[in-house]
Amino acid sequence: MTLTDTRRASTDPDEPPRRRGFIPDLDYADLAARIEAGDAPEPAKLSRIGIGLARWRNTHSDDAGSGSNTAAPQRKHRADPSWRSALVTTVDGARGAGGSRMTSVPAPIEYEASSVQLRGLNPWAIGAAAPNSGTIVGQHAVTGEAVACDPFAYFRDNHIANPSMFVLSLPGLGKSSLIRKVLLGATAWGQTPIVAGDIKAEYVALTTMLGGQVVTLGHGGGHLNPLAAGTLGQAVVRLRAARTDAAAAGDTARVEHLDELLGTAELTVRTRQVNAVCALIELIRYDTHSVRAFENSIIGIALDELYSAGGGFDYANPPLIRDLYQRIDAGSEAMLRATYQTTRDGYRTHITELMQALGALISGPLGTIFADHTSQPLDLDAPMICIDVSSLDRGDTALKAAVMLSCWADAYGTVEAAHLLADADLDRQRLFLLALDELWQVIGAGPGMVARVNEISRLNRTDATGLLMITHTGRDLETLPTEADIKTAKGFIDRAGMVVCGGLPIGEVERLSGELKFTSAEQDMVTSWSRGAALRSAERRTARSPIGRGKFLIKMAKDNTPGIPIQTVFTDLEIDTGVHDTNVRFADYFDTAATTTAADDTAAGPAYR
């Protein structure tokens, strides 16, 4: 029997009207029954018979069966259509249309859209590496992820070999602000930042805000005694008291340990005193010669006699330069032997130049600072220490060099005192972070400054001391008076644990190629930051900042390893306190200009606002 044999003419007046898709004279109930029994094939789904059969089945699937529908099978549960079934996979891929294995991966389709339309996907859907070790200073310039810049934390997590950082950037692009954020975070981590010689008073506000110690030196400021033992002398006093207690308690082992520390500390104090005086003399004799061997011996002998039982001085009551002058002028048998003289007249002839140099330290510009007792000894318990030397005459090179050298000697004596107390179990182990802003002025202040910074940069890991060196360009290191100082200064970049570059000119990037390896993209980025702000048009008079302000590239390796571009971000507290504002003297000028611009915009009408 064929499908055509099942067609019939409907004469039932109660039968509902035929719907679209049904063949009027086809008995779908009989056809469905024969297909279910296997006596007839399933018609094509998209044929007219197939469409009508499918609709009949949907209409009669829930009927109990009566009349012409009694032969219809019960189809309450039907299988999913083929387009919903899962593809069968094999080792060669999926079966069916569009299956099998792909022999090549085509390039993805590229679309262009604005960052507003594709925000969240532009520029990258996956963040780049951004270390979160230590103090957060800003965000990744590409991904926006928070980035930390902390020498101690980087050293702890093995990102760098020693806790030091060298910062290079043109003026006005925020390098001092970056350093202030690092110092601010250091205090939160329990470290003690020391700015030994704040030439432009850029860290006084931060120190004051943190409740730290600000020591002012200069014309009309405080005094600094080069012969004072300072914090190291105070530590020696504490060690002696601890030794007395240990001896009273019969603790022989502790007494021996403290005796060893005391011997080292007292020798260090005396060596620093002699070196401080000799360094000041060399600054005065800048164009003649350095301190001679017998002069060094005389200074040491005189200090021993001043601190002896009959000298009347100790660490709590140190002598002054004029006391040293009088002792050397009076002379002693030991001093005569040091000059290899047997007569008083021969001795005086040999010490003439030495006495002239000491006299310059007592009177004149140097005497106003070094001729009296230290006004403010450095406080170990202060959260931050800043020695403000901004009132010094910038044209007096010798005075500035002498003060800077003495400040560094006093600051490093404080570091040694802290380590001495920690070794004696009298205090906790402290970490110090020394900041050398305007490095070109520090190392160029006079002979001895390059050697002092070089010593710190080599031993900072042993002394648990971090070092921050900040200058404008690498050319600053090439302006030193001697070739030896220039070579030593260039080594600062090589030994720095990481180098942070702000906006730099093209020539500077090429000059640094011997110490740092920049990719072509990094070169373009760093040099683009050196451009100024775009000119504002007549229609838009809002003030703009230079494109590179607050942008830096952190290079933690000297090879081709990519750097980390960051954008510093200020907190509300930093903005409200104005701690990063180094344009205070321009405040009135900026306010006047802003008021004038606003008035011009108002007069010009809405088209110019």
From [X] [atom1] over to [Y] [atom2], what is the distance, rounded to the nearest 0.5 angstrom?
X      : Y      : atom1 : atom2 : answer
Leu504 : Gln523 : CG    : CD    : 11.5 Å
Thr135 : Leu183 : OG1   : CG    : 9.5 Å
Phe518 : Thr527 : CZ    : OG1   : 10.0 Å
Arg180 : Thr207 : CZ    : OG1   : 10.5 Å
Thr192 : Leu380 : OG1   : CG    : 7.5 Å
Thr519 : Leu553 : OG1   : CG    : 8.0 Å

Has [X] got a side-chain atom pairing as donor or acceptor with [Y]'s backbone, closer than 3.5 angstrom?
X      : Y      : value
Glu522 : Gly563 : yes
Arg495 : Ser164 : no
Ser47  : Ala44  : yes
Lys175 : Phe552 : no

So which heavy atom on [X] is nearest to which on [Y], and how close?
X      : Y      : answer
Pro43  : Gly50  : CG-CA, 3.9 Å
Arg549 : Gly172 : NE-O, 3.4 Å
Phe155 : Ala161 : CE1-O, 3.1 Å
Ala411 : Ile194 : CB-CG2, 4.0 Å
Cys501 : Trp529 : O-CZ3, 3.9 Å
Ile49  : Tyr28  : O-CE2, 3.9 Å

Next on the checklist: side-chain contact (heavy atoms from CB on, under 4.5 Å), that's the test. Do Glu42 and Leu53 meet it? Break it down for me.
Outcome noted: CA-CA 9 Å; Glu42 184 78 25; Leu53 179 62; 3.9 Å; yes
List for me each residue that meets salt bridge (Lys or Arg N to Asp or Glu O under 4.0 Å) alongside [X], sequence neighbours excluded, and say none if there are none.
X      : result
Asp576 : none
Arg511 : Glu478, Glu508
Lys551 : none
Lys181 : Glu574

Checklist entry - Can you list the steps and then say if Thr473 with Leu170 is a side-chain contact (heavy atoms from CB on, under 4.5 Å)? => result CA-CA 7 Å; Thr473 64; Leu170 292 177; 4.0 Å; yes
Next on the checklist: Applying side chain to side chain contact (heavy atoms under 4.5 Å, CB included), can you list everything that pairs with Ala146, at least two apart in sequence or on another chain?
Outcome noted: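 Listed in chain order: Asn132, Ile136.
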Next on the checklist: Asn158: which residues meet the side chain to side chain contact (heavy atoms under 4.5 Å, CB included) condition with it, sequence neighbours left out?
Outcome noted: none
For [X], enumerate each residue passing the side chain to side chain donor-acceptor pair (under 3.5 Å) test, keeping only those at least two apart in sequence or located in another chain.
X      : result
Gln213 : none
Thr471 : Asp476
Tyr203 : Asp437
Asp157 : Ser133

Next on the checklist: Please enumerate all residues that pass ring-ring contact (aromatic ring centres under 6.0 Å, His included) together with Tyr154, with sequence neighbours excluded.
Outcome noted: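 Counting only residues at least two positions away or on another chain, Tyr154 forms a ring-ring contact (aromatic ring centres under 6.0 Å, His included) with His159.
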Next on the checklist: Could you work out, with ring-ring contact (aromatic ring centres under 6.0 Å, His included) as the rule, every residue matching His419, not counting sequence neighbours?
Outcome noted: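 For His419, no residue satisfies ring-ring contact (aromatic ring centres under 6.0 Å, His included) once neighbours in sequence are set aside.
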Next on the checklist: Using a 6.0 Å cut-off, check whether atom CD1 of Ile575 has over 12 heavy atoms from anything other than its own residue.
Outcome noted: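 For Ile575, atom CD1 is crowded (more than 12 foreign heavy atoms under 6.0 Å).
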Item to check | Partner of Leu468 under side chain to side chain contact (heavy atoms under 4.5 Å, CB included), chosen from Leu436, Val182, Val195 | outcome: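 Answer after filtering Leu436, Val182, Val195: Val182.
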Quick one: does [X]'s side chain get under 4.5 Å of [Y]'s, heavy atoms only?
X      : Y      : answer
His140 : Pro565 : yes
Leu512 : Ile493 : yes
Leu431 : Trp189 : no

Next on the checklist: For Ile554 and Cys149: C-alpha separation, side-chain torsions, deciding distance, then whether side-chain contact (heavy atoms from CB on, under 4.5 Å) applies.
Outcome noted: CA-CA 8 Å; Ile554 303 175; Cys149 186; 4.0 Å; yes
Item to check | Met165 and Ile160: CA distance, side-chain angles, deciding distance, side-chain contact (heavy atoms from CB on, under 4.5 Å) verdict | outcome: CA-CA 10 Å; Met165 182 170 71; Ile160 57 179; over 6 Å; no
